[in-house]
2 protein chains.
Amino acid sequence: MHTHFTIDCVIYSFHEGQLKVLLTERNESPYSGWWALPGFFVNKYEEMEDAVARISYEMTGLKDIFMEQLAAFAGVKRHPEGRILTVAYTTLIRFDDVKNKVKPVTDYMRQANWFSVSELPELAFDHQEIINLSLDKLKRSISYSTAPFELLPDKFTLTQLQQVYEEILRKKLDKRNFRKKIMNLGYLKELNEVQQHVSYRAARLYKFDKRKFAKLFSQE
Amino acid sequence: MHTHFTIDCVIYSFHEGQLKVLLTERNESPYSGWWALPGFFVNKYEEMEDAVARISYEMTGLKDIFMEQLAAFAGVKRHPEGRILTVAYTTLIRFDDVKNKVKPVTDYMRQANWFSVSELPELAFDHQEIINLSLDKLKRSISYSTAPFELLPDKFTLTQLQQVYEEILRKKLDKRNFRKKIMNLGYLKELNEVQQHVSYRAARLYKFDKRKFAKLFSQE
DNA sequence: CCAAAAGTGTTCATAGTACACCCATGT
DNA sequence: ACATGGGTGTACTATGAACACTTTTGG
């Protein structure tokens, strides 16, 4: 009638054209020395939302990130000591905001690091399964969500945006059709600015207009 | 680091043109005498899937129903005794298959009964919230899922099918457009049979072709 | 013959797809 | 001048939405 209760965090980012996930190296048995999702036990009188914030901070050093629930995993055999129920949470963050800040503030993890989702090491527990489920969900929801913009800097080019879509959907898109579609959605703000420091024609920058995005859904 | 762990079941059915959910009347404190989702504690060494099967059976008398995970709810204040983490599961069943079979086989519940989702009594715990979330999910997934067919008998009329869509989406649909769309999907089998015992023109019956439905997704 | 629900098509607007070349810039 | 990615349009197809009348049947 009781179970151990943990939270695991699937934190995505986008860098160098690739979708990355943040992993931590465990410093505790079992799976000491293995890479795993940042995660830990929930305290007895702690709300789940508070636990998510605390644990994501302690394991990765990241503060003030809002995470969304993915699912519960509760296999009796997940852990040698018996059932540990884990509730997995996911979020998307901008790589530039955090690039030098990922560092565990607890001894339970030795280090934290970004891995391309297509080249993951072997993971502890059932963490690969958790990532697979979350990637599926991301793929399904991308068209109706702000997900691509949460992964990009405030100002971005259409090519960068297209790369995010391509990484998440795992397929190539046609440039002209992509631009037509994305501009028709009506929530991109065209800026009078272009990329700097590139050795080819500089691309125009765009911003995501949250207000217009929200309007599309509120009117129904 | 430990928590109580329960499963709650959201079981839908369709009857008399309405989407129904199966509730049980509690016989235990807290909320004794209140209507609640069928749910109970998971045993220590029990797999979550086994617990779902056992609990749905004990609370409602229904056997062999496959349930899908919805989400975890873990508010510290959900229960006077402290945190109880519940994982909610949902399923859809055919009313005709079960109409006289819903009866708890435990004393924890006094009775089980179907309620129209639009006329629910006040529910125990946060169960209304759980139902709301599951209705949202059902609405979002209806177009890509077998959900409507799981709620209908083996042979059904197009009007019945349309009613299921209308109930889940909570809006009226145009008959001609609905038929055009649903027939274009290509997984309805037209039978050489019609309704019996109706006092008006009998409608043609259709079957859902699982194989064709599955093909649509496997080819991608 | 009447009540009740079954069944049926066309038009219009919108969205998706396929496809290839010239342009601007930095080195 | 060249390499690199930026930027653009058209034709076709498919899908979604609006809209009203005739047909069949049992009682």
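Remember, it's a predicted structure, so these values are computed and weren't measured experimentally.
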For this session: Quickly work out the B/K172 NZ to D/dG16 P distance and round it to whole Å.
Result: 21 Å
Exercise. Would you find a donor on one side and an acceptor on the other, under 3.5 Å apart, between the side chain of B/D174 and the backbone of B/N177?
Worked result: yes
Exercise. Would you say A/Q162's side chain and A/L173's backbone share a donor-acceptor pair under 3.5 angstrom?
Worked result: yes
For this session: Take atom CZ of B/R204 and atom P of D/dT25, then tell me their distance rounded to the nearest Å.
Result: 11 Å
For this session: For DNA chain C, find the residues of residues 186-202 of chain B with a heavy-atom distance under 4.0 Å and give them by number; none if there aren't any.
Result: B/Y200, B/R201
Problem set entry | Distance-only side-chain donor-acceptor flag, A/T157 / A/T159, under 3.5 Å | no
Exercise. Any donor-acceptor pair under 3.5 Å between the side chain of A/K181 and the base of C/dG16?
Worked result: no
For this session: Whole angstrom is fine here: how far is it from CZ in A/R179 over to C1' in D/dG6?
Result: 6 Å
For this session: Would you please say whether a donor-acceptor pair under 3.5 Å links the side chains of B/Q163 and B/E167?
Result: no
Exercise. In whole angstrom, what separates A/R176's CZ from C/dG16's P?
Worked result: 17 Å
Exercise. Strictly under 6.0 Å, is that where the ring centroids of B/Y187 and B/F208 end up?
Worked result: yes
Exercise. How long is the line joining CG of B/D174 and P of C/dT8, in whole Å?
Worked result: 14 Å
Exercise. Base, sugar-phosphate alone, or nothing: which one does A/T157 contact when heavy atoms must sit under 4.0 Å apart?
Worked result: nothing
Exercise. How close or far is atom C1' of D/dC12 from atom CG of A/N177, stated in whole angstroms?
Worked result: 12 Å
For this session: Grab the OH-P distance between B/Y144 and D/dT15 for me, whole Å please.
Result: 13 Å
Exercise. For B/Y108, does the OH atom sit with more than 12 other heavy atoms under 6.0 Å from it, leaving out its own atoms?
Worked result: no
Exercise. Just checking, is any N or O donor in the side chain of B/S134 or B/Y12 under 3.5 Å from an acceptor N or O on the other one?
Worked result: yes
Exercise. Do A/E193 and A/K155 pass the side chain to side chain contact (heavy atoms under 4.5 Å, CB included) test, and can you show the C-alpha distance, the side-chain angles, and the key distance before you say yes or no?
Worked result: CA-CA 9 Å; A/E193 282 179 73; A/K155 301 171 182 183; 2.9 Å; yes
Problem set entry | Side-chain N or O of A/T159 closer than 4.0 Å to phosphate OP1/OP2 of D/dG5 | no
Seminar exercise, completed: Here the distance between atom P of C/dA6 and atom CG of B/L158, to the nearest Å, is 9 Å
Exercise. Do A/R110 and A/S32 have side-chain N/O donor and acceptor atoms under 3.5 Å apart?
Worked result: yes
Exercise. According to the Watson-Crick and G-U wobble definition with distances under 3.5 Å, which dot-bracket string, read 5' to 3', encodes DNA chain D, using [ ] for crossing pairs and | for pairs with another strand?
Worked result: |||||||||||||||||||||||||||
Exercise. Is any N or O donor-acceptor pair between the side chain of A/K180 and the base of D/dT8 shorter than 3.5 Å?
Worked result: no
